[in-house]
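To start, the structure under review is shown below, and the notes come after it.
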Amino acid sequence: MKDLKTLLVNVKVKQLCGSSDAVVNALQLDSRKVKTGDCFVAVSGTLVDGHNFIEQCVSAGASVIVCEKLPVNINSNVTYVLVEESSRALGIMAANFYDNPSHKLKVVGVTGTNGKTSVATLLFRLFRELGHRVGLLSTVQNQIDEVVIPSTHTTPDAIGLNSLLAQMVQEGCQYCFMEASSHAIHQNRIAGLKFAGAAFTNITHDHLDYHKTFDNYIKAKKKFFDELNEDAFAISNADDRNGSVMLQNTKAKKYFYSLKTPSDFKAKIIDNNITGLQLDINGQELHVRLIGEFNAYNLLLVYAIANLLGAEKEEVLRIISALSPPAGRFEQVISLKGKIVGIVDYAHTPDALKNVIFTINAIRNGNEQFIAVVGCGGNRDAAKRPLMAMLASKFADKAIFTSDNPRTEDPNEILREMNEGVPAPERKKVITISDRKEAIKTACSLANANDIILIAGKGHEKYQEINGVKHDFDDKKILQETFEELEK
C-alpha cells in the first residue's frame with residue numbers, strides 16, 4: 001500500500017483530477033485483476049487499448065486511473081492522472097511502489113538479437129561461484145539465488161519486474177543479471193530502473209513483425225543505452241557494424257569488446273573443436289567447455305562485465321573455464337552406442353542459425369554426416385523463413401524442415417515459404433515433415449555413427465504452440481528417447 005504522491009515521484013503529470021491523497025493498494029496493468037483501492041494504468045498496447053476498460057476498472061473499485069486521455073465520464077470518487085505516456089509512467093510508478101529495488105543491488109542488462117540468455121545466465125552462474133547472492137531474469141527462467149521462478153517473457157512487465165527485483169533485495173542479492181528485449185525497451189517495461197551497466201551483443205534480422213523496420217529495431221535497442229546514468233557502464237561489440245551506434249548518445253562510461261578489431265577487451269580463438277574453445281582473453285590463455293565463435297564473444301563479454309563490476313580477473317577466468325552452456329544453447333545429447341552427436345539450440349533467426357551451422361562445420365573432421373532439423377515460428381517475421389531454409393539446405397548434408405510453434409498459422413504454409421528459399425541444386429537434400437516429433441525421429445533414423453544432428457529453433461522451450469494452445473514438447477527429451485529406442 002502506497003500513497004499516490006509517493007507513486008508519482010519522477011512521473012511527468014499533465015493533469016490531476018481528484019485528490020492527490022489517494023492511497024493505492026496495488027498497481028494493475030490488467031483490468032481483469034483490478035480490486036477495490038487499486039490503481040489501474042491504461043496502456044495502449046499492440047493488441048488491446050487499456051483505455052477501453054477504464055469504466056470497468058472504476059466499477060471494480062479502482063481508486064486511481066492513470067491514462068493518456070481522460071474518459072468522458074469522470075467519477076468524483078476516483079483520482080485520474082493524465083500523463084503523456086502511460087507505459088513509462090507505469091515503469092516509474094512500479095519502481096516507486098516497490099521502493100526502487102534496482103537502487104539497492106547492481107542490475108546489469110544485456111540486449112541484442114542473439115546471446116542475451118547465454119550472457120545473462122553465465123554471469124549469474126559466475127557470480128554465484130564467486131560467492132555472491134544473485135538474481136537472474138531470462139528467457140529460460142527467472143531465479144532468485146537458488147529459487148527458480150518460471151519465465152513467461154524475455155522481460156516481465158514493469159510490475160512483475162520490480163516485484164522480482166524487490167524479492168531479490170529481500171533475499172540479500174547483490175547483483176541481478178537480466179535480458180532486456182527490444183519489446184521491453186520499446187514498451188518501457190524497464191523505465192524507472194537504475195542499471196549499473198548495460199551490454200550489447202549484436203543485432204541482426206529479427207522481430208520485424210513488431211518493429212516493422214530494421215531502423216526501428218536498432219532504435220529500440222539504442223534507447224536502452226541512451227537512458228543510462230553517468231555512473232553506469234555501457235559495453236558494446238566492436239565487431240558488430242552497429243556496435244558503436246548503440247553507444248553514440250549514452251552518458252554512461254563506454255567500453256568495447258571484440259575478436260577482430262581493437263577494443264578494451266580482446267579475445268582470440270586459438271582452437272575450436274568438439275571439446276570446447278582454447279581462448280586468449282586479454283593475454284590470458286584458457287580452455288572453456290563452450291564451442292564456437294559466438295560463444296567466444298559471449299564469454300569475452302561475461303569476462304568484461306565481471307571485470308567492470310570489480311571481480312578478480314584470475315578467479316573469473318578460472319570459473320569461466322568450467323562453465324557449461326545454458327539449457328538449449330548448443331546443448332549436446334550423445335547416443336551411447338552409435339556416438340551420434342545431437343545438438344539442441346534455440347537458434348530461431350538467420351544469424352543465430354548461421355552461427356550454429358558454421359560452428360558445427362568448423363568442428364567436423366569431414367567424414368561425418370550433418371543433418372539439420374529447422375523450423376520457423378508462426379505469426380512472426382515471415383522474411384526469415386526462406387533465409388533460414390537456404391542456410392540449412394546449403395550448409396548441411398541433409399535438411400529437414402518442420403514446425404516450430406506455428407501458433408495460429410497453417411504449418412504447411414510456413415513450410416511452403418521456407419522451401420521457396422532453397423536453391424535449386426540443394427532441393428534433393430531437403431525433406432519436409434510438418435510433425436516436429438516425426439522430423440526429429442527421421443533425422444535420427446538417417447544418422448550413422450559419429451554423425452551430427454542439429455535440432456534448431458526451440459532450445460529450452462518445453463512446449464509447441466498450436467492454435468493458441470501450448471502442448472508439451474521438449475526437443476532434448478524427444479532426442480534422448482529416440483536415441484534410446486534406436487539402440488534397443
> Picking from Ile431, Ile414, Val373, Val422, what satisfies side-chain contact (heavy atoms from CB on, under 4.5 Å) with Phe401?
Replying inline: Val422
> Of the non-hydrogen atoms in Cys176 and Leu105, which two are nearest, and what is the gap between them?
Replying inline: CB-CD1, 3.9 Å
>> Assess, by modelled atom type and distance only, whether the side chains of Asn419 and Thr432 contain a donor and an acceptor separated by less than 3.5 Å.
In response: yes
>> Is there a side chain to side chain contact (heavy atoms under 4.5 Å, CB included) between Phe195 and Lys106? Walk through the geometry before answering.
In response: CA-CA 7 Å; Phe195 285 91; Lys106 292 184 177 180; over 6 Å; no
> Will you find, in the side chains of Thr113 and Tyr217, an N or O donor that is under 3.5 Å from an N or O acceptor?
Replying inline: yes
>> Could you check whether Asn188 and Glu85, counting side-chain N and O atoms only, form a donor-acceptor pair closer than 3.5 Å?
In response: yes
> Would you say Lys394 has more than 12 foreign heavy atoms packed within less than 6.0 Å of its NZ?
Replying inline: no
> For the residue pair Tyr346 and His348, does the interplanar ring angle fall in the parallel (under 30°), tilted (30 to 60°) or perpendicular (over 60°) class?
Replying inline: tilted
> Would you say Ser393's side chain and Met390's backbone share a donor-acceptor pair under 3.5 angstrom?
Replying inline: yes
> Salt bridge check: are Glu129 and Arg125 linked by an N-O gap of less than 4.0 Å?
Replying inline: no
>> Atom NZ of residue position Lys219 - does it have more than 12 heavy atoms of other residues, nucleotides or ligands inside 6.0 Å?
In response: no
> Should the pair His132 and Tyr175 be assigned to parallel (<30°), tilted (30 to 60°) or perpendicular (>60°) ring geometry?
Replying inline: perpendicular
>> Please determine whether a side-chain nitrogen of the Lys or Arg among Asp474 and Lys476 lies less than 4.0 Å from a carboxylate oxygen of the Asp or Glu.
In response: no
>> Are Tyr303 and Tyr257, when compared by the centres of their aromatic rings, separated by less than 6.0 Å?
In response: no
> Looking at Asp397 and Lys429, does any basic side-chain N land under 4.0 Å from a carboxylate oxygen?
Replying inline: no
>> Less than 3.5 Å apart, any donor N or O on the side chain of Asn100 or Lys194 sitting next to an acceptor on the other?
In response: no
>> Pairing donors with acceptors under 3.5 angstrom, does anything connect the side chains of Thr349 and Asp351?
In response: no
>> For the residue pair Gln369 / Asn450, report whether a side-chain donor-acceptor contact shorter than 3.5 Å exists.
In response: no
> Do NZ/NE/NH1/NH2 and the carboxylate oxygens of Arg88 and Glu227 come within less than 4.0 Å?
Replying inline: yes
> Below 4.0 angstrom, N of the basic side chain to O of the carboxylate: do Arg385 and Glu409 qualify?
Replying inline: yes
> Hey, are Thr111 and Glu179 close enough side-chain-wise for a donor-acceptor pair under 3.5 Å?
Replying inline: no
>> Nearest 0.5 angstrom please: Ile440 CD1 to Ile478 CD1, how far?
In response: 5.0 Å
>> Would you call the rings of Phe177 and Phe127 parallel, tilted or perpendicular, taking 30° and 60° as the class edges?
In response: tilted
> So, the side chain of Glu487 versus the backbone of Lys337: is there a donor-acceptor pair under 3.5 Å, distance only?
Replying inline: yes
> Taking the six-membered ring for Trp, are the ring centroids of Phe395 and Phe358 within less than 6.0 Å of each other?
Replying inline: yes
> Going by atom types alone, do Thr408 and Asn467 pair a side-chain donor with an acceptor below 3.5 Å?
Replying inline: no
> Does Asn142 reach the main-chain N or O of Ser138 with its side chain, forming a donor-acceptor pair under 3.5 Å?
Replying inline: yes
>> Take a 6.0 Å sphere around NZ of Lys222 and say whether it holds more than 12 heavy atoms from other residues, nucleotides or ligands.
In response: yes
>> Looking at Gln170, I want to see if its CD is surrounded by more than 12 non-hydrogen atoms of other residues, nucleotides or ligands under 6.0 Å.
In response: no
> Would Ile453 and Val341 satisfy side chain to side chain contact (heavy atoms under 4.5 Å, CB included), going step by step from the backbone distance to the final call?
Replying inline: CA-CA 6 Å; Ile453 300 170; Val341 178; over 6 Å; no
